[in-house]
Amino acid sequence: MPSEGRCWETLQALRSSDKGRLCYHRDWLLRGEDVLEECMSLPKLSSYSGWVLDHVLPHMQENPPPPETSTSPTSTSALDQASFVPESPVGNPAFSPASSATPDGTKSKHESQHTGPMVLQSSRGIKVEGCIRMYELVHRMKGAEGLRQWQEEQERKVRALSEMASEQLKRFDERKELKLHKEFQDLREVMEKSSREALGQQEKLKAEHRHRAKILNLKLREAEQQRLRQAEQERLRKEEGLVRLRSLYALQEEVLHLSQQLDSADQHRDLLKADLSAFQTRGNQLCGLISGIIRATSESVFPTAEDQAVAERALQEMRDLLVNLQQEITRACEDKRRQDEEEAQMKRQESQMQQGPEVHKESPAPSQGPGVKQNKDLQVKVQDSTMQWYQQLQDASSQCVLAFEGLTNSKDSQAKKIKMDLQKAATIPVSQISTIAGSKLKEIFDKIHSLLSGKPVQSGGHSVSVTLNPQGLDFVQYKLAEKFVKQGEEEVASHHEAAFPIAVVASGIWELHPRVGDLILAHLHKKCPYSVPFYPAFKEGMALEDYQRMLGYQVKDSKVEQQDNFLKRMSGMIRLYAAIIQLRWPYGNRQEVHPHGLNHGWRWLAQILNMEPLSDVTATLLFDFLEVCGNALMKRYQVQFWKMILLIKEDYFPRIEAITSSGQMGSFIRLKQFLEKCLRHKEIPVPKGFLTSSFWRS
């Protein structure tokens, strides 16, 4: 249709107009309700239709366009005129907002006439409006297509973003895994580094350990070399000490020899009428001084150079003393000779003149009364008779050992069993002696007496008898005596009251079996030579340890026991000896005398007071002996005993004090206080633990 061609031309003109070239908003679809309302409402002209009708169409009617060549010869119709598209009212100054607005802000009359929609009743208007609608439809379709494309683009972008997010998530996971792997690697590296550092530290510690071990080995070698040097120095010191000790013994022997020469000068006392006691007293003090030095070496093992110098000075003083004594004797002899010559000359003169009575010479006689003793010099050696008695007891002990030598050295198991059973049967009852009831003590005595008598006794759950072996009796007697002395050395030394029950059993066995008593004395004298009394002398070539054993010291591994322990053992054995000499078995024969009674105690006391005192030893033994046996001696000897006590106080105490050092005054003070108390009360107290009649009735 021709009209359709013009519609499209109109549309083409509209498209080429300023309005057609306007850009439409893409979000017009967001006004969905407005679009639908326009679609469903009646067709209406736009607000610009009035302006087109007023301005465009009349202008076209007044100025018809020139004829164009077309397929149709007909004149331009109104529809053709309507195809002219005017400029946009926005671009037209006559339609601009400024021109359309009045000064007072109100709209112009012309604009107010065309603001409302106009309903186009003509077909041409409808076509124009249809073209507009068609254009809008096309535009909406293009918009829809653009929207669809935009949605597809957005979907593609969403998918791209999703894929990108997925890829980023994968990268994130990969980075996380990489991070974990890196952390694991770092941790492994840290652990390896720690391990390397630990190994390095361990190697360093090993190196330090090797270095310290090397230093320690060097120190050990130095210590060993130092020990060897000290051992060499100790050996040299011992050798020097032995040389000094031998020199001291030689000095002591010479001093004793000089002392004997001083003693031999005593025979000139009455002849010369000279007072030689000062020389002898000083000589005894020098002997005691050297003896004290030698005894002190038993504590320090070897004498020092100072000790040797003191001993040499004492020897020189002794020599000077002897020289002075000899000079005094020589002068006294000269005086005596001159006096004799004068007296002889006077006699000759008187005989020639035969005047005067015969001159009688009177020799002074010492006054001797009962209980009075002469002031004699003290001795160092024991009396010969006592020494012979001591040697006889030691020989009897040696013969007894030889008698059962076959039993002790036997390899036979039966003989060994017999020896062990006999030893237990002999020693266990003695170990059971204590301050128990008298009835229990009698059972022990009867058991020991039965064993020595050859009767079977129970020991260790079976019967034992000395008749099981020919040497059994000698063995039992020796071991029994040894055990009695050992109890004094150990038990009595610790508990002084135990001396009396042990002594009364030993005294009863001694009375019934005298050989056991002799063996007790032999063991006692061997372990405690002061019980003789006897001071062993050092012999040339004798080992120092052997000499210390002779003095009563215990020597183990070339080490001498301490002086306190030595005095404690000596005290225990002297207390046992003092208890034995005064006690008798109460169930024995009273008509017989004591086999070793108080007369032996009096002899021991007199002999030890006639010998030079020993520092710390003599005072200790005198105190123990008098405390245990003093009461019995007082009752037996009475006045004579008190005279001896006074002699100890007045004459013997100064001698003990002169040789006792300040560190050994304890025993001397204890003895002095004991005797002063006894003299003050005129009584020796009964010893603690003495067995009374009530003990035997228990």
Side-chain angles (χ1 to χ4, degrees), residues 1-57 59-60 65 68-72 74 76-92 95-97 100 111 114-165:
M1 293 177 55
S3 59
E4 291 180 359
R6 286 191 295 271
C7 289
W8 287 114
E9 292 176 357
T10 302
L11 291 175
Q12 189 66 30
L14 289 173
R15 179 179 297 174
S16 300
S17 64
D18 294 334
K19 186 177 182 180
R21 288 192 300 268
L22 292 177
C23 295
Y24 292 89
H25 294 287
R26 295 180 178 272
D27 56 350
W28 62 277
L29 290 177
L30 297 177
R31 303 175 303 163
E33 295 181 358
D34 297 336
V35 173
L36 294 177
E37 288 179 357
E38 291 178 357
C39 294
M40 291 182 295
S41 62
L42 295 175
K44 294 180 180 179
L45 292 176
S46 65
S47 58
Y48 299 102
S49 300
W51 182 84
V52 171
L53 293 176
D54 293 334
H55 295 83
V56 175
L57 293 180
H59 178 71
M60 293 181 66
E68 296 178 1
T69 55
S70 62
T71 55
S72 177
T74 59
T76 304
S77 62
L79 184 61
D80 295 335
Q81 294 177 2
S83 63
F84 173 80
V85 179
E87 293 181 358
S88 173
V90 178
N92 194 346
F95 194 73
S96 61
S100 61
E111 185 178 356
H114 299 282
T115 52
M118 298 177 61
V119 178
L120 187 61
Q121 298 296 330
S122 63
S123 59
R124 183 180 178 186
I126 292 173
K127 288 181 181 181
V128 171
E129 188 66 23
C131 290
I132 293 172
R133 294 295 181 184
M134 183 64 69
Y135 178 79
E136 290 177 357
L137 177 61
V138 172
H139 187 73
R140 279 196 300 272
M141 290 176 65
K142 289 182 179 180
E145 181 65 20
L147 178 61
R148 183 183 60 79
Q149 292 177 0
W150 179 81
Q151 288 178 348
E152 290 178 357
E153 183 67 22
Q154 294 300 320
E155 289 177 359
R156 285 194 301 272
K157 290 182 179 180
V158 169
R159 284 194 300 271
L161 290 174
S162 177
E163 292 176 359
M164 184 175 65

From CZ (Arg140) to CE (Met134), nearest 0.5 Å: 10.5 Å

Gln149: side chain to side chain contact (heavy atoms under 4.5 Å, CB included) partners, not counting sequence neighbours: Glu145

Rounded distance (nearest 0.5 Å) linking atom CG of Leu147 with atom CD of Glu152: 10.0 Å

By side chain to side chain contact (heavy atoms under 4.5 Å, CB included) - contacts of Leu161 (at least two apart): Met164

Lys157 side, atom NZ; Ser162 side, atom OG - distance, nearest 0.5 Å: 15.5 Å

Gap between atom SG of Cys131 and atom CD of Gln12 - 0.5 Å precision: 12.0 Å

